[in-house]
Chemist: 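First the structure, then my questions, so here it is.
Every chain is numbered from 1, with letters handed out A, B, ... down the list of sequences.
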Amino acid sequence: MSKGLVTGNAYTLGSIEQGEPCCEAVSHFSIRDLAVSYQQETVLSNVSLEVYKGCITALIGPSGCGKSSFLSALNRLSDMVPGAKVSGDIIFEGENIFDTSVDVRTLRTKIGMIFQKPNPFPLSIRKNLELPLKEHGVRNKSEIESKIFDVLHSVGLWNEVKDRLHCSALSLSGGQQQRLCIARALILEPSVLLMDEPCSALDPISSGIVEEMIQRLAGRYTIIIVTHNLAQARRIANYAAFFWMTERVGKLIEFGQCRPLFESPQHSLTAAYVSGEKG
Amino acid sequence: MNKSVSQTKDIDWWFGMALSLLMGVAALLLLLIIVFLTNEAWPVLQGGSWAQFFNADGWYPLENKLGLLPMLWATLAVSFGALILALPLGLGSAIFIEYYAPKFIGKPFSSVVTLLAGIPSVVFGLWGLTKLVPLINNIHPPGASLLAAVLVLALMILPTITLTSRSALSSLPSHLLQNSAALALSKKSMIIGVLIPSALRGIIGGVLLALVRAVGETMAVLMVAGNVVQTPTGLFDPVRVLTANIALEMAYATDNHRAALFASGLLLMILVFCVAWIASRLSSGETNGYD
Amino acid sequence: MIDRCFTFIIWLTAGIVFLAFGWLISEVVVQGVGKLSWSFLTDEPARSGREGGIYPIIVSTLLILGTALVIVIPLGLGSAIWLAEFTKKSSKRVQSTRLILDVLAGVPSIVFGLFGYAFFCGFLDLGFSILSGGLTLACMMLPILIRTTEAGLTAVPNDWRRAGAALGVSRTTLLWQVLLPYASPAITAGLLLSIGRATAETAALIFTSGYVDRMPESLNDSGRALAVHIYDLSMNVVGGDKAAYGSALVLIIMVVIINLSANALSEFWLEKKINRLQ
Ligand SMILES: Nc1ncnc2c1ncn2[C@@H]1O[C@H](COP(=O)(O)OP(=O)(O)O)[C@@H](O)[C@H]1O
Ligand SMILES: [Mg+2]
């Protein structure tokens with residue numbers, strides 16, 4: 001899939017250039033000894049891994065093993081959760097994100113996040129996209145217009161909504177809402193996208209659309225995606241990290257290139273999980 | 001982009017500061033009420049002299065006899081009397097709206113009850129004074145009495161009980177209804193045996209809310225109760241409640257008399273606090289029980 | 001058989017409730033409607049209110065309410081927003097603030113009257129005045145308004161707060177652009193409910209805004225609220241019943257309109273919430 005339009009029946013994908021193929025492993029995030037606890041109860045400990053630039057990294061593992069907690073530590077959204085405490089180091093673009101000199105809001109403009117349940121604001125489609133732009137100082141009308149066009153195109157939503165940008169975002173279907181949320185994250189031109197089960201609240205067709213879109217975003221963005229759909233992880237990811245819970249504390253069991261992890265796992269737990277025996 | 005970020009970097013901090021200032025003013029104001037009332041009441045509270053409220057025989061402020069007991073009893077008699085009357089009626093209407101009324105009656109009935117909850121107390125008082133009191137006077141003079149106060153107050157707190165019980169009943173999970181229907185229970189046994197017990201917490205919460213309102217009501221009771229300071233012994237006795245006492249004597253009270261009125265304001269606050277405390281205990285138990 | 005009995009009892013209670021309130025309302029309407037006329041609303045009272053109208057009293061009522069609102073809206077909304085959006089729910093300071101609010105929400109209005117009389121009229125030397133009355137009402141409305149506003153904001157789904165934070169949007173912007181607009185019907189409904197209560201208030205005003213039934217010339221003048229007027233006519237003025245019922249009808253109509261709008265708004269808001277759930 002190179003340049004040019006690919007037309008499906010329900011959606012149109014824009015001409016996104018896929019970035020460099022993910023072969024040179026350049027680190028984007030280095031995570032060292034990460035631990036997360038809620039109200040002094042540790043739910044995730046001792047996680048160290050590298051996230052490589054432009055690649056898709058899939059996080060897999062059973063519910064409750066701390067994948068979401070891990071993800072929300074990466075953009076410090078965990079700051080918002082009452083009782084949450086994160087320790088360890090996360091080096092992002094050469095800087096430890098827990099340093100006091102780091103401005104959290106600037107950090108979050110570089111790291112977009114997509115949630116399980118689509119959460120567009122109860123505003124018009126256009127306002128949803130304008131709000132973050134204006135907040136970060138983009139006031140020029142034509143610049144805003146062109147950015148809106150670009151991102152809606154990127155998520156294949158332009159043709160569907162171009163005539164009703166003033167309509168409430170909540171009037172869109174679930175799949176469209178999720179793509180709008182992705183567009184909203186893209187409009188700030190982040191370098192990373194964190195996705196927490198972005199397809200699991202969608203019907204199979206919308207889920208397929210979103211999945212294909214994620215694939216096209218790879219290369220331009222570093223993507224970290226939590227998914228329960230192992231087949232999906234296998235289809236789209238370059239790297240995979242397998243989490244498991246022992247004594248109610250989540251641990252990183254295995255991390256590596258996606259295909260080897262699925263086809264010849266090093267750890268017996270991983271083997272059991274990916275073959276569907278456990279989890 | 002970065003420039004503007006650093007410009008707006010602290011907007012949350014500034015806005016939060018401004019808000020916490022407002023909260024500070026509000027909290028101070030509210031704290032001030034408690035402090036100020038205590039301060040004004042201090043002359044009759046200090047050094048254990050508050051005991052006179054419960055020892056002194058009667059309320060003769062000019063002779064420095066400041067017994068609040070008769071009025072406390074009157075307050076309790078009026079409030080609980082009203083509650084005893086309003087509870088079955090209020091609960092009955094709630095059951096009526098939820099389970100018995102045909103749709104075209106139930107809906108208007110409940111919206112009317114909602115509006116009745118907002119009727120000013122002075123209007124209840126006016127009606128009690130001009131209609132109810134003469135009626136009671138025909139049966140047993142003087143008419144302005146404990147009974148009149150109980151009746152008027154019962155009517156006033158009835159909407160509260162109806163509305164809260166109704167919302168407690170209507171938020172019961174629907175499987176309760178289906179289960180009991182599956183057991184072939186009659187409608188009556190279902191309501192009395194299953195639905196009311198399950199909604200009991202919510203209903204009691206509403207009753208406590210109504211009790212707070214009854215204890216604190218001033219005007220309606222003042223207008224119909226007769227306002228004679230005495231421990232009530234019968235339904236037809238004229239009585240004076242704590243709130244009415246404050247309203248009646250505030251204008252001319254001085255020195256210890258005045259301080260005693262402030263002390264009775266504090267006493268009311270303590271009564272309300274106790275009821276609110278029980279209510280909050282109940283509602284915190286609720287989340288533990290069901291969630 | 002027993003079932004029949006129970007059904008009968010339930011219908012009977014509903015009937016009693018209906019009749020009792022029917023009696024009260026019809027009494028007010030029947031007795032009051034004769035008084036109601038354009039001149040009743042626009043004339044000065046005469047002969048202690050037995051005759052004439054209630055124009056200055058309506059003006060005083062509105063002035064007292066207006067004063068109270070000017071104070072209570074910024075304080076109440078600001079505090080509620082702070083409690084709901086800018087604090088950690090578990091902090092000591094917040095919990096003690098909540099405790100004060102809970103206690104004061106239940107305090108009888110006569111106690112607020114007592115405080116207003118001693119503090120605003122006496123200590124601050126404002127005397128019996130519209131200002132004193134308005135300030136006292138503001139104290140009374142404050143805890144209620146804070147709780148309803150806070151409840152309205154807390155009911156806004158957390159998803160949007162997380163979405164906003166993940167986009168690096170400040171809480172302040174998010175509040176103005178998303179949370180407050182969404183919660184505004186609930187907040188307005190809470191505000192209207194507390195206005196309804198304030199309009200109906202008598203006990204807190206007798207000793208703060210006073211009895212004077214002349215047209216107030218400034219906020220420092222004493223002004224008689226409508227509810228106080230009804231109280232005075234029925235208790236202290238022989239032969240004032242008719243005028244009292246007329247004023248009661250006006251007061252009820254005012255309160256009902258306020259409460260109906262509050263209900264309509266809350267229903268609108270519930271609908272919004274349900275639409276969001278689907
Ligand atoms: N806000 C929170 N407060 C307390 N415990 C939490 C909170 N969020 C998550 N947890 C707990 O942390 C553990 C990991 O949760 P999560 O990160 O959501 O796992 P996953 O996304 O893998 O399903 C779970 O046991 C969960 O109950
Ligand atoms: Mg999760």
Side-chain angles (χ1 to χ4, degrees), chain B residues 8 11-12 15-16 18-20 22-23 25-27 29-31 33 36-37 40 88-89 92-93 95-96 100-101 109 114-116 118-123 125-127 129-131 155 158 186-188 212 215-216 218-219 223 243 246-247 250-251 261-262 265 268-269 272-273 275-276 280, chain C residues 2-3 6-7 9-11 13-14 16-17 20-21 24 27-28 74-76 78-79 81-83 86 97 100-104 106-111 114-115 117-119 139 142-143 146 170-172 196 200 202-203 206-207 227 230-231 234-235 241 244-245 248 251-252 255-256 259 263:
Chain B
T8 57
I11 185 174
D12 281 348
F15 192 60
L19 290 177
S20 68
L22 287 174
M23 178 79 245
V25 173
L29 198 62
L30 298 175
L31 210 58
I33 296 176
F36 203 78
L37 286 177
E40 292 284 319
L89 287 176
S93 333
I95 294 172
F96 174 75
Y100 282 88
F109 191 89
T114 313
L115 288 181
L116 290 173
I119 291 191
S121 57
V122 70
V123 174
L126 174 66
W127 170 78
L129 182 66
T130 54
K131 303 295 156 195
L155 217 50
L158 212 155
S186 72
K187 199 166 181 180
K188 178 214 106 208
V212 167
V215 169
T218 312
M219 301 322 290
M223 289 164 85
T243 48
I246 298 175
M250 200 57 229
L261 291 182
F262 279 93
L268 280 167
M269 229 159 150
V272 167
F273 180 76
V275 179
S280 80
Chain C
I2 294 175
D3 228 33
F6 188 73
T7 308
I9 291 173
I10 292 296
W11 276 86
T13 37
I16 293 173
V17 171
F21 280 109
L24 188 146
E27 213 53 83
V28 175
L75 278 185
S79 308
I81 292 172
W82 187 72
L83 280 175
F86 285 83
T97 312
I100 302 183
L101 289 178
D102 276 344
V103 173
L104 284 161
V107 165
S109 53
I110 185 71
V111 178
L114 203 55
F115 168 73
Y117 172 71
F119 187 71
C139 291
L142 195 54
I146 294 179
S170 68
R171 290 183 196 196
T172 312
T202 322
I206 294 181
F207 298 118
I230 297 169
Y231 167 70
S234 58
M235 289 293 278
D241 285 2
Y245 272 106
L251 183 58
I252 286 191
V255 171
V256 163
N259 286 355
N263 284 352

Chemist: What residue in C/I16, C/N263, C/L114, C/N259 has the most heavy-atom pairs under 4.5 Å with chain B?
Modeler: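 Most heavy-atom pairs under 4.5 Å with chain B: C/L114.
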Chemist: Where does C/V107 contact chain B at under 4.5 Å (heavy atoms): side chain, backbone, both or neither?
Modeler: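 It is both, since atoms from each part get that close.
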Chemist: Is the shortest heavy-atom distance from the side chain of C/L251 to the side chain of B/V122 under 4.5 Å?
Modeler: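 Answer yes - side chains close enough.
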Chemist: Using a 4.5 angstrom heavy-atom cutoff, name the option from B/M269, B/M223, B/K131 with the most pairs to chain C.
Modeler: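 If we count pairs closer than 4.5 Å to chain C, B/K131 comes out on top.
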Chemist: Which heavy atom of C/F6 sits nearest a heavy atom of B/Y100, and at what distance?
Modeler: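 Nearest heavy atoms, C/F6 then B/Y100: CD2-OH, 3.2 Å.
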Chemist: Within the 4.5 Å heavy-atom criterion, are C/R171 and B/I11 side-chain neighbours or not?
Modeler: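 Not in contact.
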Chemist: Any non-hydrogen side-chain atom of C/P108 less than 4.5 Å from a side-chain atom of B/V272?
Modeler: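 Result yes, sub-4.5 Å side-chain heavy-atom pair found.
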Chemist: Do C/I100 and B/L31 touch side chain to side chain, with heavy atoms closer than 4.5 Å?
Modeler: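 Yes, close enough: below the 4.5 Å cut-off.
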Chemist: Kindly give the heavy-atom pair with the smallest separation between B/D12 and C/S170, and that separation in Å.
Modeler: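 Closest heavy-atom pair between B/D12 and C/S170: OD1-CB, 3.4 Å.
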Chemist: Heavy atoms only, distances under 4.5 angstrom: which of B/L129, B/V212, B/L126 has the most pairs with chain C? Name it, please.
Modeler: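 Top option by heavy-atom pairs under 4.5 Å: B/L126.
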Chemist: Checking C/I110 against chain B: side chain, backbone, both or neither under 4.5 Å from a heavy atom?
Modeler: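 Backbone plus side chain of C/I110, per the 4.5 Å heavy-atom cut-off to chain B.
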Chemist: Determine the option with the most heavy-atom pairs under 4.5 angstrom with chain C, choosing from B/S186, B/A27, B/A101.
Modeler: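 Looking at each option in turn, the highest pair count goes to B/S186.
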Chemist: Below 4.5 Å from any heavy atom of chain C, which atoms of B/F262 appear? Answer side chain, backbone, both or neither.
Modeler: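 Both backbone and side chain of B/F262 come within 4.5 Å of chain C.
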Chemist: For chain C, find which of B/V275, B/L261, B/L115, B/L158 contributes the most heavy-atom pairs closer than 4.5 angstrom.
Modeler: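 When all of B/V275, B/L261, B/L115, B/L158 are compared, B/L115 has the most.
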Chemist: Could you tell me if the side chain of C/V17 sits less than 4.5 Å from the side chain of B/F96, heavy atoms only?
Modeler: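 Side chain of B/F96 against side chain of C/V17, heavy atoms only: no contact under 4.5 Å found.
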Chemist: If you count heavy-atom pairs under 4.5 Å between each of C/I81, C/T13, C/T172 and chain B, which one has the most?
Modeler: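 Option with the top pair count is C/T172.
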Chemist: Who wins among C/A203, C/S109, C/A248, C/G196 for the most heavy-atom pairs under 4.5 Å with chain B?
Modeler: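 So the answer, after comparing C/A203, C/S109, C/A248, C/G196, is C/A203.
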Chemist: Measure distances from C/I9 to the heavy atoms of chain B and classify the residue's part below 4.5 Å as side chain, backbone, both or neither.
Modeler: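 Neither part.
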Chemist: Ignoring hydrogens, what is the shortest heavy-atom contact between C/L142 and B/A26? Give both atom names and the distance.
Modeler: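 It is CD2-CB, 3.7 Å.
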Chemist: Taking side chain as everything from C-beta outward and backbone as N, CA, C, O, which of these in C/F119 sits under 4.5 Å from a heavy atom of chain B? Side chain, backbone, both or neither.
Modeler: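 Looking at C/F119, backbone and side chain both touch chain B.
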Chemist: Measure across C/G78 and B/L22 and return the closest heavy-atom pair with its distance rounded to 0.1 Å.
Modeler: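 Shortest heavy-atom separation between C/G78 and B/L22 comes out as CA-CD1, 3.7 Å.
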Chemist: Using a cut-off of under 4.5 Å for heavy-atom pairs, which of B/I119, B/I33, B/L37 has the most such pairs with chain C?
Modeler: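 Of the options given, most contacts go to B/I33.
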Chemist: Is chain C contacted by the side chain of B/M219, its backbone, both, or neither, given a heavy-atom distance below 4.5 Å?
Modeler: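 Looking at B/M219, just its side chain touches chain C.
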Chemist: Using a cut-off of under 4.5 Å on heavy-atom pairs, state which of B/L116, B/I246, B/T243 scores highest against chain C.
Modeler: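 Going by pairs under 4.5 Å, I would pick B/L116.
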Chemist: Of the backbone (N, CA, C, O) and the side chain (C-beta and beyond), which part of C/Y231 lies under 4.5 Å from a heavy atom of chain B, both, or neither?
Modeler: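 Both the backbone and the side chain of C/Y231 come within 4.5 Å of chain B.
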Chemist: Determine whether B/K187 and C/T7 make a side-chain contact, defined as any pair of heavy atoms from C-beta on separated by less than 4.5 Å.
Modeler: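 The answer is no; the side chains never approach within 4.5 Å.
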Chemist: For B/F36, is it the side chain, the backbone, both or neither that has a heavy atom under 4.5 Å from a heavy atom of chain C?
Modeler: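 For B/F36, side-chain heavy atoms alone lie under 4.5 Å from chain C.
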Chemist: Please classify the contact between C/L104 and chain B as side chain, backbone, both or neither, with a heavy-atom cut-off of under 4.5 Å.
Modeler: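 Side chain of C/L104 only, per the 4.5 Å heavy-atom cut-off to chain B.
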Chemist: Any side-chain heavy-atom pair from C/T202 and B/T218 closer than 4.5 angstrom?
Modeler: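 No, too far: nothing below the 4.5 Å cut-off.
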Chemist: Might you point out which heavy atoms bring B/G16 and C/F86 nearest each other, and give the distance in Å?
Modeler: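 B/G16 and C/F86 have their closest heavy atoms at CA-CD2, 3.8 Å.
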Chemist: Counting N and O atoms only, with roles assigned by atom type, does the side chain of C/D3 sit under 3.5 Å from a partner on the main chain of B/K188, one being a donor and the other an acceptor?
Modeler: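 Judged by distance alone, yes, a pair lies under 3.5 Å.
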Chemist: Please give me the minimum heavy-atom distance between B/L155 and C/A20, naming the atom from each residue.
Modeler: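 Closest approach of B/L155 to C/A20: CD1-CB, 3.7 Å.
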Chemist: Could you go through the side-chain contact (heavy atoms from CB on, under 4.5 Å) check for C/C139 and B/L29 one step at a time?
Modeler: CA-CA 7 Å; C/C139 291; B/L29 198 62; 3.7 Å; yes
